[in-house]
Amino acid sequence: MLRDAWFIARNDLLHSLREKETIVWVFVMPILFFYFIGTITGGMGGGGKQPAGKDRLSVQVPENAGFLADEVIRRLEAGGFEVVSAQSQEEFADSPRRLAIPHGFTENVLAGRKSVVTFSRPSADVSAEYDRVRVARAVYAVLADLVVSTADAEGPGPDTFRRVREAPRTLRLEVESAGKRKRIPSGFEQAIPGTMVMFTLIVLLTSGAVTVISERRLGVLRRLATTPISRGSIILGKWGCRLMLSFVQIGFAMLAGSLLFGMRWGEDLPMVLVVLAGWGGLCASLALLLGSLASTEGQAVAIGVLAGNALGALGGCWWPIEIAPPWMQSLAICLPSGWAMDAMHRLISFGAGAASVLPHVLVLFTATFLVGAVAARRFRFQ
């Protein structure tokens, strides 16, 4: 039985991989989606592939800005910025982060006159707010040092600020993590697993179901039924072909994500593979069931595309479900795509450990078996 099933699965897979549509949707479209979605959502929460080094901040410092401008820059560098001086107005305007220090900055501040330091950033995502907090912190820290330095006999100046900086601190704040930080995934960290889960479902529900309908319409299944191969071997072979197609999709997506976009799969890669194996098995069972229930190829494609996109959006494949309202998060965990994405986030982004996704694995493999059993009963040769 297994030998016959393997023969059918292997040959069906080779036939599927020769189809132009399968090649495009398995090997080409995922990479394009990885790039566009990962790039667009790269700043939503600090996830994905981040550039190495500090955040670059372009500053305009007039010659008469004085020593307080140097103190602001020093505080900005301590806050994680790579501060560079803009060589021209055009270069300053093209910078993603810009800070303008006004003329006569030190003179005006020491004289008690209002002096405005202007920070601007074109994008308005979550990381932009974080940048504004860091800039404000640097400016207020300089203001606090200025208040302290006024008590010095020499008055405010570079030497006074240096002595304030080197003075022993009587109050120290120690910060320790109370556990692993739950950082909402974004960028490639969200786009690659989400696209992989959604495309596996769509490809299986379309290509995987359409081939069953085409073989039934062309009489291939009827001729196969006349051979000595048992019904169980035929159904197992058809299911095995779709399972292997899902593994090809998942394997290529993981390889491309790692090599082209620097995707890291966390410390529990074996459990990630187990989750994806359960997801691939469920998609294979759903494809076989849809191929048995749909009447025409067009009907299967329409159902597959609509269902794949709907489950992808509601299950957290398009965006991190953690940013959605609570009712949507509750709905996602009731959907198969939500099971897969929640398990992926726990393992890859949150570092929750392999044991945390055991319920997800159990649900995925149980659903694979139950849907597969229904698909086997409904499978028809004509």
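The structure displayed is predicted, hence computed values, not measured ones.
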Under 3.5 Å side-chain donor-acceptor pair for [X] and [Y]:
X	Y	answer
Arg242	Thr211	yes
Ser207	Glu21	no
Ser349	Glu189	yes

key: Arg163/Asp159 salt bridge by N-O under 4.0 Å criterion   = no
Would a 4.5 Å heavy-atom cut-off, applied to side chains only, mark [X] and [Y] as touching?
X	Y	value
Leu205	Ile303	no
Ile101	Val59	no
Phe105	Pro62	no
Met254	Leu269	yes
Lys20	Ile23	no
Leu17	Leu13	yes
Pro30	Gln249	yes
Leu110	Pro156	yes

If you count heavy atoms of other groups shown closer than 6.0 angstrom to [atom1] of [X], is the number above 12?
X	atom1	answer
Gln382	CD	no
Arg3	CZ	no
Arg137	CZ	no
Arg217	CZ	yes
Leu259	CG	yes

Keeping [X] on the side-chain end and [Y] on the backbone end, is there a donor-acceptor pair under 3.5 Å?
X	Y	result
Thr160	Gly155	yes
Gln60	Arg98	no
Ser285	Gly281	yes
Arg216	Gly291	yes
Ser149	Leu146	yes
Trp239	Leu288	no
Asp342	Gly338	no
Thr106	Phe67	yes
Ser337	Leu311	yes
Arg231	Phe379	yes

Can you tell me how far the [atom1] atom of [X] sits from the [atom2] atom of [Y], to the nearest 0.5 Å?
X	Y	atom1	atom2	value
Phe247	Thr200	CZ	OG1	10.5 Å
Gln299	Leu293	CD	CG	9.0 Å
Leu314	Leu335	CG	CG	6.0 Å
Trp279	Leu204	CH2	CG	9.5 Å
Asp131	Arg121	CG	CZ	4.5 Å
Phe7	Leu2	CZ	CG	15.5 Å

ask   = Relative to Phe81, does Arg134 satisfy both conditions: NZ or CZ under 6.0 angstrom from the six-membered ring centre, and within 45 degrees of the ring's axis?
value = yes
request  = Just do the salt bridge (charged side-chain N to carboxylate O under 4.0 Å, His left out) check on Arg74 and Glu71 with the steps written out, would you?
outcome  = CA-CA 5 Å; Arg74 188 185 64 80; Glu71 292 295 329; 3.4 Å; yes
request  = Report the C-alpha separation of Asp268 and Arg346 in whole Å, then their side-chain angles, then the decisive distance to 0.1 Å, and conclude whether the side chain to side chain contact (heavy atoms under 4.5 Å, CB included) test is met.
outcome  = CA-CA 10 Å; Asp268 296 293; Arg346 286 171 180 262; over 6 Å; no
Same cluster or not: [X] versus [Y], using hydrophobic residues (I, L, V, M, F, W, Y) connected whenever any side-chain heavy atoms lie under 4.5 Å apart?
X	Y	answer
Val109	Val148	no
Leu32	Ile250	yes
Val26	Val28	yes
Ile37	Leu260	yes
Val210	Leu224	no

Nearest non-hydrogen partners of [X] and [Y], listed with the distance:
X	Y	value
Thr206	Ile202	OG1-O, 2.6 Å
Pro193	Phe188	CD-O, 3.7 Å
Ser356	Pro359	O-CD, 3.8 Å
Ala294	Ile213	CB-CD1, 3.6 Å
Ile321	Ala332	CG1-CB, 3.7 Å
Ile348	Arg264	CG2-O, 3.5 Å

ask   = What do the steps show when you test Ser214 against Glu297 for side chain to side chain contact (heavy atoms under 4.5 Å, CB included), and what is the final call?
value = CA-CA 7 Å; Ser214 298; Glu297 290 92 333; 3.0 Å; yes
message = As a quick check of understanding, evaluate side chain to side chain contact (heavy atoms under 4.5 Å, CB included) for Arg75 and Asp145, giving each step before the final call.
response = CA-CA 11 Å; Arg75 288 286 186 171; Asp145 287 349; 2.7 Å; yes
query = Taking it one step at a time, do Glu91 and Ser58 satisfy side chain to side chain donor-acceptor pair (under 3.5 Å)?
reply = CA-CA 9 Å; Glu91 179 184 344; Ser58 181; 5.4 Å; no
inquiry  = One pair to check against side chain to side chain contact (heavy atoms under 4.5 Å, CB included): Asp55 and Arg97. What are the steps and the verdict?
reply    = CA-CA 9 Å; Asp55 298 320; Arg97 299 177 180 85; 3.7 Å; yes
ask   = How are the rings of Tyr35 and Phe261 set to each other: parallel, tilted or perpendicular (split at 30° and 60°)?
value = tilted
query = Is the Phe199 ring parallel, tilted or perpendicular to the Trp25 ring (thresholds 30°, 60°)?
reply = tilted
inquiry  = Using the side chain to side chain contact (heavy atoms under 4.5 Å, CB included) definition, which of the options Leu99, Ile73, Val84 pairs with Leu57?
reply    = Leu99
